[in-house]
Amino acid sequence: MELTHIITGEAKKPLQYLSSCETVKGKGLKGDRYYNKKGTFNKPQLDQQVREISILPYESLKECNDRLDSTLEFKELRRNLVIKNFDYEKLKSKEFQIGTVILKIVRTAPPCRYLSKLLGEDMMVGLKYIGGYRAVVVQSGLISVGDEVKLD
């Protein structure tokens, strides 16, 4: 498993690709909309812990585009980390390392109507069962494109 893309940005605005990024325990990717508490879903009634990091398996984009007959890019799917050959079964309930960061998956990241509205595509269909995962930062550090995903 290899980190292929790091994506951050502001709420309701196009996201951007980064080559590396600092992550902070309890906050997520430094500079990201949820790190800055300005994400669309930064609401007191919603669990903010699940907003730290979002992960998308690299292969999900092609499947999504095939389902929708579209040409979406990774950053349009609004997940933070894109990981090639991602294997949830190997990582679930475990801490894993990317660069000097240690993460733990806490739940799935199903598609939402908000993403459909932003993209003008039915993302409920496009990302059904392949929308990715949400993780928390267990240990702060630096991640970079090309880092391998390692289990303890």
Salt bridge check, K92 against E89: does any charged N sit closer than 4.0 Å to a carboxylate O? yes
Angle class for the Y58/F74 ring planes (parallel below 30°, perpendicular above 60°, tilted otherwise)? tilted
Counting C-beta onward and ignoring hydrogens, is there a side-chain heavy-atom pair between L72 and L119 closer than 4.5 Å? yes
So do the side chains of L68 and M123 get within less than 4.5 Å of each other, counting heavy atoms only? yes
Heavy-atom check, side chain of L3 versus side chain of V82, under 4.5 Å: no
Please examine the side chains of I105 and R134, heavy atoms only from C-beta on, and report whether any two atoms are closer than 4.5 Å. no
Any donor and acceptor pair, going by atom type alone, linking the side chain of S140 with main-chain N or O of K25 inside 3.5 Å? yes
Rounded to the nearest 0.5 angstrom, the OG1-NZ distance for T8 and K75 is 11.0 Å
Flag, side chain of D147 to backbone of S144, donor-acceptor distance under 3.5 Å: yes
Does any part of the side chain of L56, heavy atoms only, come nearer than 4.5 Å to the side chain of I130, both counted from C-beta? no
Minimum heavy-atom distance I6-I143, with the two atoms named: CD1-O, 3.7 Å
Out of curiosity, does Y88 fall in the hydrophobic cluster containing V149 (side-chain heavy atoms, cut-off under 4.5 Å, transitive links)? yes
Run I102 and V137 through side-chain contact (heavy atoms from CB on, under 4.5 Å) and show every step you take. CA-CA 6 Å; I102 297 178; V137 179; over 6 Å; no
Between Q139 and T100, the two heavy atoms sitting closest are NE2-O, 3.1 Å
Distance from E2 atom CD to F86 atom CZ, nearest 0.5 Å? 14.5 Å
I need the Y17 OH to T4 OG1 distance, nearest 0.5 Å. 9.0 Å
Please report the C-alpha distance between L91 and L151 in whole Å, then the side-chain angles of each, then the deciding distance to 0.1 Å, and finally whether the side-chain contact (heavy atoms from CB on, under 4.5 Å) criterion is met. CA-CA 8 Å; L91 300 178; L151 284 167; 3.5 Å; yes
Exam field: side chain E59 to backbone N85, donor-acceptor pair closer than 3.5 Å: yes
When every non-hydrogen atom of K30 is compared with those of C21, the smallest separation belongs to O-SG, 3.6 Å
Which atom names give the shortest non-hydrogen contact between C64 and S70, and what distance separates them? O-OG, 4.4 Å
Is atom CG of D69 surrounded by more than 12 heavy atoms (other residues, nucleotides or ligands) closer than 6.0 Å? no
Backbone of V125 reached by a side-chain donor or acceptor of R67 within 3.5 Å: yes
Give a yes or no answer on whether the side chain of S116 reaches the backbone of E121 with a donor-acceptor pair at less than 3.5 Å. yes
R79 side chain reached by L127 side chain, heavy atoms, under 4.5 Å: yes
As a quick check of understanding, evaluate side-chain contact (heavy atoms from CB on, under 4.5 Å) for I53 and L29, giving each step before the final call. CA-CA 7 Å; I53 302 282; L29 296 177; 3.7 Å; yes
Is there a side-chain contact between F96 and K104 (heavy atoms, below 4.5 Å)? no
Under a 4.5 Å cut-off applied to non-hydrogen side-chain atoms, are L103 and Q97 in contact? no
Among I7, I55, D32, find the one that has a side-chain contact (heavy atoms from CB on, under 4.5 Å) with N80. D32
What closest approach, in Å, do E148 and M1 show between heavy atoms, and which atom pair accounts for it? OE1-O, 2.9 Å
Can any side-chain N or O of E63 pair as donor or acceptor with the backbone N or O of S60 at less than 3.5 Å? no
Of all the heavy-atom pairs spanning V138 and E95, show the shortest one and how long it is. CG1-OE2, 3.6 Å
